[in-house]
Amino acid sequence: MDIAADLHVHTVASDGRLTLDELPAAARAGGVDVVAVTDHDTFHPGLDAPVSVHDGLTVIHGLELRVDISEPSLADDRTGSAAGMQVDLLGYGVRRTTALTDELDRLQRNRVERGAELIERVESHLGVDLDVEPRPGIGRPHVARAIDDSEADYDYQGAFDHLIGDDGPCFVAREVPTFETGVELLSEACSVVSLAHPFRYGDPEAALSLTRHLDAVERYYPYGFEVEEALVDEVVEREGLLTTGGSDAHGTELGVCGVPPKAFAEIRSRLPEAVA
């Protein structure tokens, strides 16, 4: 498939490995001319405009926001209830509104507190010192990398599987806004709001039912396992959704997945002009 844009990329502003200066070269290596920076629960500090150009690369300023489904009525009765589920929303062409800024500041304070507790639990459980400090943007990947680099007998994936995953002995929950709050904040601040990776949730059909409140759904994503893409296509047609997609890169390889030209053209038409 011809990829026009990788619309799901993380940087060092959250739990990725690429800096903003390194993005253009990584994008060229991956064969893409457009990327969306979608760091977790934060604005990228180096991106002031919704769309900008950096060393020939068009960069869409976005973010990824986890939300909690607190009301059963939000789910479509045809596909079951999404109540109790947490999903991720992707906002594209973000502008720094006061309301969203305040919420992201609150979430980052909680991330620091949660990171400190997570580090303490792992160090106590394993009897090792981790070379990582709680800071804004810290997430479990940072801790997993520190575990991998430590004397502990766990690699990066093993840290998630046996220690800090949702059912792990060192897991620490973090605060997330409600779905309603997240949609309201992102809709005010962003040109397009999309449901991220619908087949990564326990009930994909219930998650997809939430798209009736959104602009788009992440149709193109490197799951690494078989998915029933027809479910997404049915929802796209029924709800008149845009389709987004990307690699969800946390490392340095971009362009593994993304949106084809026609789908990206529809998204681009919703975004403001790029600032050089």
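Just so you know, these numbers use all the heavy atoms, side chains as well, and skip hydrogens, waters and symmetry mates.
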- Got more than 12 heavy atoms from elsewhere within 6.0 Å of CD, E123? yes
- Message: Could you check whether atom CD of Q157 has more than 12 heavy atoms from other residues, nucleotides or ligands sitting under 6.0 Å from it?
- Response: yes
N/O donor-acceptor pair under 3.5 Å between [X] side chain and [Y] backbone:
X	Y	answer
T178	D68	no
Q108	D41	yes
D215	V193	yes
D39	T11	yes

- Do NZ/NE/NH1/NH2 and the carboxylate oxygens of D15 and R111 come within less than 4.0 Å? no
- Query: Do the charged groups of R17 and E22 touch, with an N to O distance under 4.0 Å?
  - Reply: no
- Task: Find the distance between OH (Y154) and CZ (F160) and round it off to the nearest 0.5 Å.
- Result: 14.5 Å
- Query: What's the spacing between H197 NE2 and E64 CD if we round to 0.5 Å?
  - Reply: 4.5 Å
With hydrophobic residues grouped by side-chain heavy-atom distances under 4.5 Å, do [X] and [Y] end up in a single group?
X	Y	value
Y92	L57	yes
V32	I267	yes
V192	V235	no

- Do H250 and H40 have their ring centres less than 6.0 Å from each other? yes
- Could you tell me if the ring centre of H44 sits under 6.0 Å from that of H61? no
- Not counting sequence neighbours, list each pair that qualifies as a side chain to side chain donor-acceptor pair (under 3.5 Å) and has a residue in residues 254-276. none
- Partners meeting side chain to side chain donor-acceptor pair (under 3.5 Å) with R66 (sequence neighbours left out): D88
- Item | Ring geometry between Y221 and H8 (parallel below 30°, tilted from 30 to 60°, perpendicular above 60°) | tilted
- Message: If you apply the rule salt bridge (Lys or Arg N to Asp or Glu O under 4.0 Å), what do you find for R219 with E229, and how did you get there?
- Response: CA-CA 8 Å; R219 168 64 174 76; E229 294 178 342; 3.5 Å; yes
- Task: Please step through salt bridge (Lys or Arg N to Asp or Glu O under 4.0 Å) for the pair R121 and E117, ending with a clear verdict.
- Result: CA-CA 6 Å; R121 287 191 184 187; E117 185 175 353; 2.7 Å; yes
